[in-house]
Amino acid sequence: LGKRATLLSAPAARRCASVGRIQAVLDVARLALVVCILNEAVPIIFRALTAEAAEGGTRAAILSALLSAMDGWAPFALAATILLSATNGVWIQPALKSVYEEATSENAAEAAYAQIYLRLTASTPMRSKSGLKEAMGRTARATATRAASSARLRSFATLAAIYVLLSTVSV
């Protein structure tokens, strides 16, 4: 593994951090869209419920409120939220998978060289089915996921702090 502290190379670690930052931006966008949907739909639903509760038609009131909430831009925000959620499986996870598969192949080659070196210098037998490749693959996957999640959390916290700072500063 050379002189690295993790199983990921420097470019792979940067790619994991980039994926994590993209995930944080998508999380913030999804959260903002959900808040906007609730901001538009909840008052309409409450107004309809209070008006219709006096008449006794709760189901009709809820249905009417939902249909009136669909007149604005809430359906588009809902569709965007669903698409942002689907982005994780279509775009983010394959990018992360390519990073840890690359790291797995790099580490498997280094592990094979280490086994050959031990065989030559210490006369230890080489085991072909030692499970080292699978263990290195699982560890590389966990390391890539941890690096992406760490960058995601840092980016999300930074974006939240910027939002709080901008919302509290008077203009």
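If you read the sequence from its start, that first residue is 1, and numbering goes on from there. Bear in mind the structure is a predicted one, so any value in this text is a computation, not a measurement.
- Taking CG of Leu38 as the reference point, atom CD of Glu40 lies at 10.5 Å (rounded to 0.5 Å).
- Trp91 contributes atom CH2, which lies 13.0 Å from atom CG of Leu96 (distance to the nearest 0.5 angstrom).
- Within the model, atoms NZ of Lys97 and CZ of Arg141 stand 8.0 Å from one another, a figure rounded to the nearest 0.5 Å.
- Cluster note: Ile82 groups with Ile37, Leu78 through ILVMFWY side-chain heavy atoms spaced under 4.5 Å, whether in direct contact or through intervening members.
- When each of Val164, Asp27, Val25 is tested with Leu159 by the rule side-chain contact (heavy atoms from CB on, under 4.5 Å), just one qualifies, namely Val25.
- Remark: Leu33 CG to Ser85 OG distance equals 9.5 Å, nearest 0.5 Å.
- Listed here is the closest heavy atom pair of Gly89 and Pro94: O-CD, 3.5 Å.
- Rounding to the nearest 0.5 Å gives a distance of 9.5 Å between CG of Leu31 and SG of Cys36.
- Under the rule for a side chain to side chain donor-acceptor pair (under 3.5 Å), Arg14 has no partner lying at least two apart in sequence or in another chain.
- Among all heavy-atom pairs drawn from Ser98 and Arg15, the shortest one is OG-NH2, 3.2 Å.
- Nearest heavy-atom pair across Ala144 and Tyr100 is CB-CB, 3.7 Å.
- Atom CZ of Arg30 has more than 12 heavy atoms from other residues, nucleotides or ligands within 6.0 Å.
- Of all non-hydrogen atoms in Ala103 and Leu8, the two that sit nearest each other are CB-CD2, 3.6 Å.
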Worked verdict on Asn88 versus Gln23 for side chain to side chain contact (heavy atoms under 4.5 Å, CB included) | CA-CA 8 Å; Asn88 187 40; Gln23 281 180 319; 3.5 Å; yes

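- Panel note: side chain Ser155, backbone Arg152; no donor-acceptor pair is recorded below 3.5 Å.
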Checking side chain to side chain contact (heavy atoms under 4.5 Å, CB included) for the pair Ser18/Ile22: CA distance, chi angles, key distance, verdict?
-> CA-CA 6 Å; Ser18 174; Ile22 291 169; 4.2 Å; yes

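- What you find for Ala95 and Val19 is that their closest heavy atoms are CB-CG2, 4.1 Å.
- Ile92 contributes atom CD1, which lies 5.5 Å from atom CG of Leu26 (distance to the nearest 0.5 angstrom).
- The two atoms that bring Val99 and Ala12 nearest to each other are CG1-O, 3.7 Å, heavy atoms only.
- The backbone N or O of Arg146 lies less than 3.5 Å from no partner atom in the side chain of Ser150, so there is not a single donor-acceptor pair.
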